[in-house]
Amino acid sequence: MGDRLDPHLDLSSRILEDLNDVQHEAVVHGDGPLLVLAGAGSGKTRVLTRRLAYLIAAHGVEPERILAVTFTNKAAAEMRERVARLLGETASRIWVGTFHAICLRMLKRHQRLLGFQGNLTVFDAEDQIQLYRRVLKEANLGEGTGLKPRDAQSAISYAKNAMLGPDAFEAASPSPGRQRIAKVWRMYDARLREQDGADFDDLLLLTLRLLDENPAVADTYARRFQHVLVDEYQDTNRVQFEIVRRLAEAHGNICVVGDDDQSIYGWRGADITNILEFERHFPGAAVLRLEQNYRSTGSILDVANAVIRVNEGRKPKTLWTANGRGEAVRLFLADDEEQEGRYVARRIREGMRRGGAASGFAVLYRTHAQSRPFEDAFIRAEIPYRVIGGVSFYQRREVKDLLAYLRLLVNPFDEISFRRAALAPRRGAGETTVDRMIADARARGLDYLAAAEEAAIAGIGGGRGLAPLAKMAHWLRELSARAGEPPHVLIEEVVREVDYAGWLRAQGESDWEDRYAHVLELTEGARSYEGSEEGTTLAGFLDQVALYANVDEVASGGERVTLMTVHNAKGLEFDQVFVTGLEEGLFPHVSAWSDRHEMEEERRLFYVATTRARLKLELTACRLRRRINYAGGMDVSRFLADIPKDLLDVEGVAAAVGTGLMPPLVRSVAPAARVDEEPDEPEIRREAATRRPRGLLARHVRYGVGRVLSVDGAGDDARVEVDFPGWGVKKILRAYLSLEKGEQG
DNA sequence: ATTATTGATTTTTTT
DNA sequence: AATCAATAAT
């Protein structure tokens, strides 16, 4: 939705044009804390941008004295652009960005106060995993304990966001597992600091520390920012809240916008109490509620409301719309995911034939893995599409390889990048040699380029691989003298010198040409960065790349249908939306089955998904879903049961056999098969029921119900051998099964 | 010491 | 499907 404004009105009137009463009030609110509870589609972004413009135009606040925090870089860009449309280029002086980008900006200026040597480098998720891998290996902690880099990473990241330190984490519940993690955590942090590295979580934590330990710095920023605005406040975590508090407490000019019903990042440490307790945190806060929805039809809102209503821990609110009822929400029950894909493709074709633009459609799913069948169907139906997320461009191996060289130019202490660059392409030195060299350099406090050059001279370790490493280091050192040149030039130089194309080809992978295309794309990315106003230094480019996220790709992507996860869809809207894979175990995801809070979050996720739709909403589910290696019958999502039946137009599986939506393929074993069940029940179900084993039955998400043959071990880690009819005997961890008493006789 | 091959394990969501 | 660790081959 664009801001269409009458150019003849004076500026303030233009800024206030087309606002309802509450929106107007939010925009003109002067000093003091303000909480805007903005329901889905209630014009939240409009309020935020107008408010920014109004502060500058009417209250005379200097743009650089406003801090506006958004959830994604894309949202930041959009906000800046929309303010610029009202105010012109002064808009670019506002500090707009994600928490991470803004923190990095502040940290870069003051890094020495925090003990950095001046090379502050952002470690992305993969760099983190690599470093955890090193730590686990060297501490001999991974072996036997089953502690994997990813587990350590997620546990520690979560704890960091909750503002625990390793000590507190350990003390919280002293178990061997936690102690191990705490130990890894300390080693990891030390190792990271040693190389001037900071991970995503550190960007926030260090900023908070910077403010707490340096009153002068804190004071500077607190004075500087006369107004602080935070979007998507329901998804901020504890650290972010503390940062905001430090910056805004003195003057209390804090405006936050959010919707507790759309809080979907709890797993990442988002703390919903931030928004629920805002009035307590900032006394005297004004609270405004935007409850009129301008986006969706009445039918769509009814469905969304029916499901979110079930949640208990929420601020009660009634989202209403003056829009018409529109078309009824459709539910399609597919036999399997291929049919689901074909159905959606068919519906989109129909919509396009009626004049709908491809970009007006979105297909949403719970997990990335679900995109494939849709892609297949779209290719066959010749529907242009794009998939948002999955493997982000900057995460690709070939891209990361090249970035490793560039990072070394900026920070020669970057161990992870050195390792990566040294090994790709292979130059006669293997992991062992490189590891040894790294250990030596660390012991002597040398940077890795210097160390590599020296090692060859000293002949450490006697490895034949040292000479080529030294050669690489020497070349990079010379190149670093040219680090001031445009990033794309440096990339090209690296690609040429190491013959990266040759290496890709030699790898013998069939897709080497695609990979090389990505290399060229990276050069293009650098070029466009150089043309932007963000600055043109290599370090700047690397920072931007590090903070780049999947969703940021969304940028006007032309005439295509969009496929993405519900998480990625937050804040977006489309004419017609398909919410797919509505099956128990998928959406809601299994992981939420045993936790009430997580289940509430899944429900909010469903709410977010449905409220993306403007005109038409369709829901789909499959009876049978094939995943990775195998398949299984799926029960229909419990969310569908929350929707009054007269709100849904049901299609598929003989219009869902009567009224009870789709009869589940495999029903819980506990109640014996009833006689009055429909005769055309699927066979698989009967199969599952015909075996009448004594003893235990095990229920599995994918395989359905089977007979337990043996149990090995105890607790959740026990291995259970189960005979699943139709699937054979499988060994499965107890944690993935629910055991039930079998029926006798 | 390095690379190639096999085999196991995996995915929920992401700044 | 794809990545990662353990094992075998060079």
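We name chains A, B, ... by the order of the sequence lines, and we start the count at 1 in each one. This structure is a prediction, so every number in the text was calculated from the model and none was measured.
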C1' spacing across the pair C:dC4 / B:dT13, given as an integer number of angstrom: 23 Å

Atom pair distance, as rounded to whole Å: CG in A:Asp376 and C1' in C:dA1: 13 Å

5′-ward residue of the pair A:Ala369/A:Phe200 relative to DNA chain B: A:Ala369

Distance in angstrom units between A:Asn73 CG and B:dT15 P, rounded: 8 Å

Dump every N/O contact between nucleotides 2-5 of chain C and the protein below 3.5 Å, one line per pair.
from	atom 1	to	atom 2	distance (Å)
C:dA5	OP1	A:Arg133	NE	3.3

Integer-rounded Å distance: B:dT14 P and A:Met564 CE: 11 Å

Aromatic contact, A:Phe71 with A:Tyr265 (centres under 6.0 Å): yes

Residues in side-chain contact (heavy atoms from CB on, under 4.5 Å) contact with A:Ala441, at least two apart in sequence or another chain: A:Tyr448, A:Ala451

Value in whole Å for how far the P atom of B:dT13 lies from CZ of A:Arg604: 18 Å

A:Asn568 side-chain N/O to B:dT14 phosphate OP1/OP2 under 4.0 Å: yes

Touch class at under 4.0 angstrom, heavy-atom based, for A:Phe99 against every strand present: nothing

Flag, side chain of A:His100 to backbone of A:Leu203, donor-acceptor distance under 3.5 Å: no

Phosphate-side-chain proximity, A:Thr565 and B:dT12, N/O vs OP1/OP2 below 4.0 Å: no

Sugar-phosphate, base or nothing in reach of A:Ser591, heavy atoms under 4.0 Å: base

All side-chain contact (heavy atoms from CB on, under 4.5 Å) counterparts of A:Asp271, not counting sequence neighbours: A:Thr273, A:Asn274

DNA chain B: 5'-proximal contact among A:Val434 and A:Trp267 (nearest heavy atom): A:Val434

Length of the line joining A:Asn161:CG and B:dT13:C1', which is rounded to integer Å: 14 Å

Nucleotide B:dT12, atom P - distance to CD of A:Glu583 in whole Å: 15 Å

Between A:Glu232 and A:Gln234, a side-chain donor and acceptor under 3.5 Å: yes

A:His589 side-chain N/O to B:dT12 phosphate OP1/OP2 under 4.0 Å: yes

Rounded interatomic separation in angstrom, taking CD1 from A:Ile129 and P from B:dT10: 14 Å

Side-chain N,O (A:His368) to OP1/OP2 (B:dT14) below 4.0 Å: yes

Side-chain heavy-atom pair A:Tyr188, A:Asp199 within 4.5 angstrom cut-off: yes

Proximity of A:Trp267 and A:His567 rings by center, below 6.0 Å: yes

Distance in angstrom units between A:Tyr265 OH and B:dT13 P, rounded: 11 Å

